[in-house]
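Before any comments, here is the structure.
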Amino acid sequence: MNSPEQSQLGKSSAYIDHYDASLLFPIPRAVKRAEIGLGDTLPFMGADMWTAFELSWLNLRGKPQVALAHITVPCESPNIVESKSFKLYLNSFNNTRFLDAREVRERIRADLNAAVGAGVGVKTLGPELFDQEPVHELDGLNLDRLDVECIHYTPAPELLFADHEEPAVSETLTSNLLKSNCLVTGQPDWGSVQIRYEGAPIDQEGLLQYIVSFRNHNEFHEQCVERIFMDIWTRCRPLRLSVYARYTRRGGLDINPFRTSHPQALPGNVRTARQ
């Protein structure tokens with residue numbers, strides 16, 4: 001079983017520029033999920049939405065081609081792919097000839113399906129569509145307006161509180177103050193988070209302090225979002241809950257996990273200004 005420490009994270013890496021699917025490094029989700037009390041039956045559904053900004057290959061005449069790629073990995077997949085290995089894998093396309101973007105798309109889809117153990121969605125956008133890629137901040141009431149004292153910089157779920165004596169509400173709350181660190185290298189991961197819920201009103205000051213408490217926490221993006229979901233789900237007991245985070249890109253990749261307690265369409269993979 002692969003562990004993060006066995007990956008290329010934090011190590012000097014040769015950049016291979018000819019196609020090599022073996023560069024993908026899958027990591028089982030189960031280990032980190034067990035830490036937050038999750039087994040085979042998940043209380044959420046959703047996906048991890050990736051954007052690849054540095055995708056390039058050669059056409060059959062050797063002319064470079066460029067594209068953006070949107071990749072959707074279902075959260076039910078048994079594995080994630082470590083992000084540096086994904087970057088190295090995409091770099092391996094750089095001097096490889098493909099018939100067209102469709103062939104590139106299908107190759108990425110097949111390789112990721114094999115790595116994560118589930119059906120992955122892959123969409124590529126050529127330069128003629130770049131102008132249509134919007135920038136939009138997460139919708140909702142921004143918690144960052146609150147003047148709160150922050151003293152916790154590792155996850156503190158005890159800060160979460162919902163008043164079950166009050167009538168149920170439906171709220172969408174956001175923050176740009178989400179920061180965590182890479183599980184292996186400790187490098188900072190910057191993000192924005194959107195929390196939608198129905199149920200007893202959640203104390204907003206405590207929720208913001210809780211989000212800030214991830215500041216020195218070492219965990220992958222997907223794992224942080226699942227931890228946030230489970231802490232709110234178990235401590236505040238909402239009727240419905242969705243947690244969506246958009247992390248700034250590193251190495252030409254951003255990762256945007258979405259977890260929801262109930263069936264709904266995935267959010268549009270629209271980047272924020274910081275991405």
Side-chain angles (χ1 to χ4, degrees), residues 32-33 35-38 43-44 46 48 135-250 254-261 267 271-275:
K32 295 298 290 185
R33 284 179 172 173
E35 291 183 10
I36 56 175
L38 293 176
F44 52 70
D48 306 320
V135 174
H136 185 73
E137 297 306 299
L138 295 172
D139 294 324
L141 179 63
N142 196 328
L143 294 170
D144 304 343
R145 75 191 192 283
L146 301 172
D147 184 18
V148 298
E149 180 181 17
C150 298
I151 60 173
H152 298 278
Y153 300 112
T154 56
E158 66 272 14
L159 295 168
L160 295 169
F161 171 78
D163 189 349
H164 289 271
E165 300 300 319
E166 293 293 322
V169 298
S170 178
E171 288 189 316
T172 301
L173 306 172
T174 67
S175 174
N176 296 315
L177 302 186
L178 178 62
K179 174 196 170 286
S180 53
N181 301 318
C182 173
L183 179 63
V184 177
T185 67
Q187 294 184 24
D189 294 321
W190 305 94
S192 299
V193 62
Q194 179 190 69
I195 296 163
R196 295 184 188 270
Y197 76 95
E198 296 177 19
I202 295 174
D203 180 73
Q204 293 185 10
E205 290 191 1
L207 178 57
L208 178 58
Q209 291 168 321
Y210 168 75
I211 291 168
V212 170
S213 76
F214 277 74
R215 193 166 183 85
N216 293 339
H217 180 59
N218 293 354
E219 210 165 35
F220 291 146
H221 303 9
E222 303 93 332
Q223 298 159 352
C224 285
V225 168
E226 292 185 358
R227 186 178 295 274
I228 292 170
F229 182 98
M230 290 305 300
D231 283 345
I232 296 173
W233 187 248
T234 56
R235 297 191 73 90
C236 299
R237 307 194 308 277
L239 302 173
R240 290 187 165 202
L241 175 65
S242 300
V243 178
Y244 178 35
R246 294 201 65 90
Y247 281 89
T248 60
R249 74 182 81 166
R250 183 189 295 165
D254 66 34
I255 308 172
N256 310 288
F258 175 72
R259 301 292 183 269
T260 176
S261 63
R271 70 181 179 94
T272 64
R274 291 195 297 166
Q275 293 183 294

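Just so you know, these numbers come straight off a predicted model, no measurement behind them. Both backbone and side-chain heavy atoms feed into the values below; hydrogens, waters and symmetry mates do not.
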Minimum side-chain heavy-atom gap E35-E219 below 4.5 Å: yes

Donor + acceptor pair across side chains of N216, T154 (<3.5 Å): no

Is any side-chain N of the basic residue among R196 and D139 closer than 4.0 Å to the acidic one's carboxylate O? no

Beyond-backbone contact of L177 with L208, side-chain heavy atoms, under 4.5 angstrom: yes

Verify side-chain contact (heavy atoms from CB on, under 4.5 Å) between F229 and I195, making sure each step is shown before the conclusion. CA-CA 9 Å; F229 182 98; I195 296 163; over 6 Å; no

Roughly how far, to the nearest 0.5 Å, is OG1 of T248 from CG of N256? 10.0 Å

If you round to the nearest 0.5 Å, how far is CG of D254 from CZ of R246? 5.5 Å

I'd like to check the ring pair (Phe, Tyr, Trp, His ring centres under 6.0 Å) partners of F214; sequence neighbours left out, ordered by chain and number. Y210, H217

Side chains of Y197 and I232, heavy atoms from C-beta outward: is any pair under 4.5 Å? no

Residue pair I211 / S213, side-chain heavy-atom distance below 4.5 Å: no

Test side chain to side chain contact (heavy atoms under 4.5 Å, CB included) applied to E137 - qualifying residues, sequence neighbours left out: N176, T272, A273

So that I can tick it off, tell me whether E226 and K32 are bridged by a salt bridge, with the cut-off set at under 4.0 angstrom between side-chain N and carboxylate O. no

Rounded to the nearest 0.5 Å, how far does CG of D163 lie from CG of D203? 9.0 Å

May I have the step-by-step check of side-chain contact (heavy atoms from CB on, under 4.5 Å) for S192 and Y247, ending in yes or no? CA-CA 6 Å; S192 299; Y247 281 89; over 6 Å; no

In Å, rounded to the nearest 0.5 Å, how long is the span from CD of E205 to CG of L143? 10.0 Å

What verdict does the side-chain contact (heavy atoms from CB on, under 4.5 Å) test give for E158 and R235, after you've listed the backbone C-alpha separation in whole Å, the side-chain angles of each residue and the deciding distance to 0.1 Å? CA-CA 8 Å; E158 66 272 14; R235 297 191 73 90; 3.9 Å; yes

Between W233 and P238, which heavy-atom pair has the shortest distance, and what is it? CZ3-O, 3.5 Å

Heavy-atom closest pair (G46 atom, R259 atom, distance to 0.1 Å) is C-NH1, 4.4 Å

To the closest 0.5 Å, what do you measure between CG (L178) and CD1 (I228)? 5.0 Å

Minimum heavy-atom separation for N142 and S175, please, with both atom names. OD1-CA, 4.0 Å

Could you check whether any side-chain N or O of E222 sits under 3.5 Å from a backbone N or O of D48, counting only pairs where one atom can act as donor and the other as acceptor? no

Quick one: do R250 and D189 make a salt bridge, cutoff under 4.0 Å? yes

Checking Q194 against L173 for the side-chain contact (heavy atoms from CB on, under 4.5 Å) test, could you report, in this order, the C-alpha distance in whole Å, the side-chain angles of both residues, the deciding distance, and whether it holds? CA-CA 6 Å; Q194 179 190 69; L173 306 172; over 6 Å; no

Measure the spacing between CD of Q204 and CD of E171 and express it to the nearest 0.5 Å. 5.0 Å

Atom CZ of residue position R215 - does it have more than 12 heavy atoms of other residues, nucleotides or ligands inside 6.0 Å? no

Establish, from distance only, whether the side-chain atoms of R240 and S261 form a donor-acceptor pair under 3.5 Å. no

Between H221 and I255 the two heavy atoms that sit nearest each other are CD2-CB, 3.6 Å

Can you see which heavy atom on N181 is nearest to which on P188, and at what distance? OD1-CA, 3.5 Å

Which heavy atom in A200 sits nearest to a heavy atom in A162, and how many Å separate them? O-CB, 3.9 Å

